[in-house]
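See structure below.
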Amino acid sequence: MLLNRFNGTNHATSFGGGNYVTDQNAINAVRFMFSSGNISTGTVKCLRIITII
Amino acid sequence: MALKDSFTTIRYFTSTDIYFFTTDNRPLTDLKACADFLADTMDARGGWALISSGTASNSTTLDFIGLTGYSAYWFMITDPLVPVTNAVDLWIRISQDNGSTFKSGGTDYTYESYEVLASNTSAINSASTGAAQLIAAATVGNSAANGIGGLFRIGSIVQPLKINDL
């Protein structure tokens with residue numbers, strides 16, 4: 001995870017690691033949301049990498 | 001020899017149709033061979049392939065379903081996500097029933113992240129070994145010039161997709 005955010009006061013960069021889901025059954029969907037209130041605007045694209053061979 | 005090496009050219013005859021020719025200039029009409037050629041070419045070049053896209057408009061959530069077939073997916077926030085409410089956290093949750101329900105139990109997730117502020121020389125650690133969501137970022141601002149962007153990966157060593165790897 002590599003994210004940049006701005007809240008009017010601070011520019012910040014977040015690095016994530018060591019994250020996991022307790023239930024190890026297969027994952028087949030992902031949700032983005034805020035802790036309170038709706039998402040006003042923004043676009044997220046789901047991508048995969050085509051491996052260079 | 002890769003299939004692509006047996007072709008000399010791709011000829012564009014119209015704005016919608018592409019014609020393939022073999023090395024001895026015979027038109028190739030086998031659709032599978034054409035598809036294999038394109039796959040070979042794309043693999044040789046590498047790059048990103050778009051699976052789906054979601055745009056928020058005062059939306060409760062942005063959901064991506066049907067994530068099967070690959071060992072890793074990348075989510076690129078191409079236009080910053082801006083919350084309606086000021087100073088809220090960006091959460092990520094996952095589903096194991098293709099979006100019918102999303103895991104939200106109090107011990108469903110373990111996460112850890114470090115946030116580096118432009119105004120501070122030390123990183124701020126945010127972590128939990130028992131949470132109802134992954135917290136990707138904290139205190140996101142809600143004015144038009146605020147928001148959050150970046151890149152998030154979910155993946156596992158092998159299929160099926162099992163481990164959130166941020």
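For clarity, every value in this text was computed on a predicted model and none was experimentally measured. Naming convention: chains lettered A, B, ... in sequence-line order (proteins, then strands); numbering from 1 in each chain.
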Give the minimum heavy-atom separation between F64(B) and V44(A), together with the two atoms involved. CZ-O, 3.3 Å
Non-hydrogen atoms of S53(B) and K45(A) that approach each other most closely: OG-CG, 3.5 Å
Please tabulate, one pair per line, all N/O donor-acceptor pairs under 3.5 Å involving side-chain atoms of residues 76-86 of chain B, not counting sequence neighbours.
from	atom 1	to	atom 2	distance (Å)
D79(B)	OD2	T43(A)	OG1	3.4
N86(B)	OD1	N142(B)	N	3.1

Is it the backbone or the side chain of [X] that comes under 4.5 Å from a heavy atom of chain A, or both, or neither?
| X | value |
| --- | --- |
| F75(B) | both |
| T107(B) | backbone |
| A87(B) | neither |

Considering only heavy atoms and a distance below 4.5 Å, find which of [options] pairs most often with chain A.
| options | answer |
| --- | --- |
| D108(B), T129(B), I65(B), V140(B) | D108(B) |
| G150(B), G130(B), S59(B) | S59(B) |
| A138(B), A144(B), A127(B), A131(B) | A138(B) |

Pair Y73(B), L47(A) - check side chain to side chain contact (heavy atoms under 4.5 Å, CB included), show working. CA-CA 6 Å; Y73(B) 294 84; L47(A) 307 164; over 6 Å; no
Rounded to the nearest 0.5 Å, how far apart are [atom1] of [X] and [atom2] of [Y]?
| X | Y | atom1 | atom2 | value |
| --- | --- | --- | --- | --- |
| N25(A) | I94(B) | CG | CD1 | 9.0 Å |
| I27(A) | K103(B) | CD1 | NZ | 10.0 Å |
| L62(B) | C46(A) | CG | SG | 12.0 Å |

Side-chain donor-acceptor contacts of residues 28-38 of chain A below 3.5 Å, not counting sequence neighbours, with atom names and distances?
from	atom 1	to	atom 2	distance (Å)
N28(A)	OD1	N98(B)	N	2.6
R31(A)	NE	D63(B)	OD1	2.8
R31(A)	NE	D63(B)	OD2	3.4
R31(A)	NH2	D63(B)	OD2	2.8
S35(A)	OG	D89(B)	N	2.9
N38(A)	ND2	N58(B)	O	3.2
N38(A)	ND2	N58(B)	OD1	3.3

